[in-house]
Structure formats: structure tokens, C-alpha cells
Amino acid sequence: MMNSIIVIPAFNPSETLITYADELIRAGAEHIVIVNDGSREEHKAIFDRLSQRRECQVLVHKTNMGKGRALKDAFSYILNQEAWTGKSVITADSDGQHLSRDLVRVDAQMRSEEALGEPCLFLGCRNFDKENIPWRSRFGNRLTSVLFRFLYRASIMDTQTGLRGIPYELLRPLSQLKGERFEYEMNMLTEMALQKIPIRVTEIETVYLDNNTESHFRPIVDSFRIYRILLGNFLKYCLSSLLSALLDLLLFMIAERLLTPGPWQILTATVIARLFSSLFNYWYNKTRVFRDTDRAKASIYKYYGLCIAVMLISAGMVTLLSFLPVPNALIKALVDTILYFFNYYIQKYYIFKQKPLPQADQASGL
């Protein structure tokens, strides 16, 4: 028997969903929560037949609210069932692409990891090197995998997989995570990476039915939402830098106007402007970008140490490359761009600490 509760969000499914549920039941699934996410009236009979099965519980959205909302409502429902306390969850898509034997494998892997006592997110990932993968899916997943590895130091070959194993301890915070549609699944991955929750990967069979025609994924709208989540942390960092630069310029202009003209006027105005703009940048990165919960004393010295190191490295590299037949300003722009990404990486992983996930019995959001 499978130990996990199966969660399947469904929007206008075909009758294959009934066949799929029966396969899961034969494979040992004792509890299946299916969310009717605002399907049209002509699909009602499918959910009625599913609800007649002892193992199936059908939740209903009157209107289509999105895959993310369907998953979160299912998690909340499970948390409110006292008899299910402590049970893990496996999510699967309604089109039958996730084979029952792969769910059994993920369930077994979760059981083996439970003894370690550390909550992990489990992913059933497709191999996109196989020939039967639609070009759209192959390109999209490879691009997001590369970006995810760069931004979050985690190698995931299938960032958009709907087959996920979630321990009970993570259900509460994940039920309150932002995202209502397909972007929710990307938000789940980025949040796990930010919180340093281990991610375990199991390769699964790659199945595309009718070239994935049953997918409700909207390439432009949903891709935009996914990449907004994927790049969100870095974009906040870019915004912090822009605001700091504008503040630095504004303060310099004010200080220069107020200071008495003399040989030290520009230098003094520069120091004043940089002092306050760097303090703003530190505060914004700490509280808004990286959500560091420790006292400032734990990170401010490292932050300014990094600032000094970056400044010296920039000056040293420009000096070292000044023999090139290009303007020094161009060399500095290139060097500082590389250091900008380096600065982000160091701040994210070595200077600031992330806000911890709430415990499973807490009601606060992420």
C-alpha cells in the first residue's frame, strides 16, 4: 500500500482521469484528493463517478482558479483531516502522464528518507534528452533548469514536473505560498532552494499523450509568470542597486550644494552620499531581497568587507587590463558587470540568512 495521499488538480479532464484513478487504486493508493478546478458542466459526470470510489475525495471550485490554488486548497483540506495527520502527499497531473509505478517509486523513496528526520521535497523528473519530447517542453525546461542552477545552486533537470512528493511538515507553509496558477510550482522550488530544504530527484518515465494537447499551459502568459518567479529574487537585487544609485546621486547633489566650496567639497559630498546610499542598500538587501532574520551585527561587517573587496578587485582588474586597446571605461563596465553577479552570489549565500519556513502547526504565511 502507498503511504502518501495523492493530490490531482483537474480542469476539464477526459475520462482517462477515471482510468488513471483506478490504476492508482490498484497500485495501492488509499487516499486520492481530486480538485475539480471549475471544469465545465459536461465534465461533471467524470467527477461524480470518481466521488463514488471509496478512495477518492472530490473538492470543487465553482470557477477556474488555477493549478496553484487547487494544490493549496487540497493541502489545506488534508491538514484539516485529523486522521491524515503526519501523512505525506504526492501531487500528480490529471492527464495520466505520471505513471502509477512512478508514484509508487516516489512514495517508497519518501518512506526511506523519513527515517532521517529531515524534510525534503521529492521530484519525479523527466529525461528531456529523449526523442519523444515536444520541442516546446524541451526548450522551456532546459532554459529554466540552467537559470535555476545559476540562481539557486540546485540542479533540477525538470523544473516544471507536476509529480512531487511533499512531507507533512511542509504542507502548512506550502499551502500559504504565493502563486495561483502554474507559477506556483516554480515558487515552490525557489522557496525550497532559498530555505535550503533538500530536493531529491527521481527519474520517471517520459509520457506525452497526443503531443501534450491536453495541457492547459498558456505559453506566453504562464511562461511570463514562471520566469517572474524564477528571476524574482535577482530582480529585487537589481531594483535595490538602482534605488541605491539614484539615492547616491541625489544625496551627492544635495551635499555638494550645502557644503562650503573648497578643495574637499566633492570628496566630502561623495563620502556622505556613499555612506547613506550603502546603508540603504544594506537594509534593502537584508530585509527585502534576502530576508535575513539575524541582527545587523551578524552581517553588516561582512557586507562592508565585501564592498571594499569588490572595489579593490575592480580597480586591480582595470589596472591589469589597461594595456588593451580599448577605453578603460569599457573595461571597467565589463569588470563591474561580472563583479555585480559575484556580489549577488556572495550576499545571497554567505552574508545574509534566509527567513526560516514556519512549522507545520503554525498559521503564519511565508
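The first residue in the sequence is number 1, and the count goes up from there.
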Over 12 foreign heavy atoms within 6.0 Å of OH, Y304: yes
Rounded distance [0.5 Å steps], OG1 in T63 versus CG in D37: 8.0 Å
Could you walk me through whether F252 and R274 pass side-chain contact (heavy atoms from CB on, under 4.5 Å), step by step? CA-CA 8 Å; F252 174 81; R274 188 57 51 88; over 6 Å; no
Spacing of H61 atom NE2 and F11 atom CZ [to the nearest 0.5 Å]: 12.5 Å
Considering only NZ, NE, NH1 and NH2 on the basic side and carboxylate oxygens on the acidic side, decide whether E55 and R53 come within less than 4.0 Å. no
Determine which pairs satisfy salt bridge (Lys or Arg N to Asp or Glu O under 4.0 Å) with at least one residue from residues 58-67, sequence neighbours left out, and list them in order. K67-D93, K67-E185
Assess whether atom CG of L275 is packed by more than 12 heavy atoms of other residues, nucleotides or ligands within 6.0 Å. yes
Whether K178 and E183 form a salt bridge (side-chain N of Lys/Arg under 4.0 Å from carboxylate O of Asp/Glu) is what I want to check. no
With side-chain contact (heavy atoms from CB on, under 4.5 Å) as the criterion, how do I90 and F122 come out once you've worked through the C-alpha distance, each side chain's angles and the decisive distance to 0.1 Å? CA-CA 9 Å; I90 295 178; F122 298 82; over 6 Å; no
Using the rule given for side-chain contact (heavy atoms from CB on, under 4.5 Å), can you reason through D95 versus T16, listing the C-alpha separation, both sets of side-chain angles and the distance that settles it, and then say yes or no? CA-CA 7 Å; D95 54 11; T16 57; 5.9 Å; no
R200 side chain to M110 backbone, donor-acceptor under 3.5 Å: no
Suppose we call two aromatic rings close when their centres sit under 6.0 Å apart. Are Y237 and Y340 close by that rule? yes
When you measure from the side chain of H43 to the backbone of P13, do you find a donor-acceptor pair of N or O atoms at a distance under 3.5 Å? yes
Stepwise side-chain hydrogen bond (donor to acceptor under 3.5 Å, both in side chains) check, S88 with S4: CA-CA 5 Å; S88 57; S4 302; 2.7 Å; yes
Mind telling me whether F352 and F290 have parallel, tilted or perpendicular rings, with 30° and 60° as the class edges? parallel
Tell me whether W264 at atom CH2 has more than 12 heavy atoms from other residues, nucleotides or ligands lying less than 6.0 Å away. no
Side-chain donor-acceptor distances from residues 256-263 under 3.5 Å, at least two apart:
none

Could you give me the CA-CA distance, side-chain angles and deciding distance for I78 and K87, then say whether side-chain contact (heavy atoms from CB on, under 4.5 Å) is met? CA-CA 9 Å; I78 292 169; K87 280 190 170 293; 5.9 Å; no
When you check the gap from the basic side-chain N to the acidic O, do D22 and R26 get nearer than 4.0 Å? no
Strictly by modelled atom types, are R181 and N64 linked by a side-chain donor-acceptor pair under 3.5 Å? yes
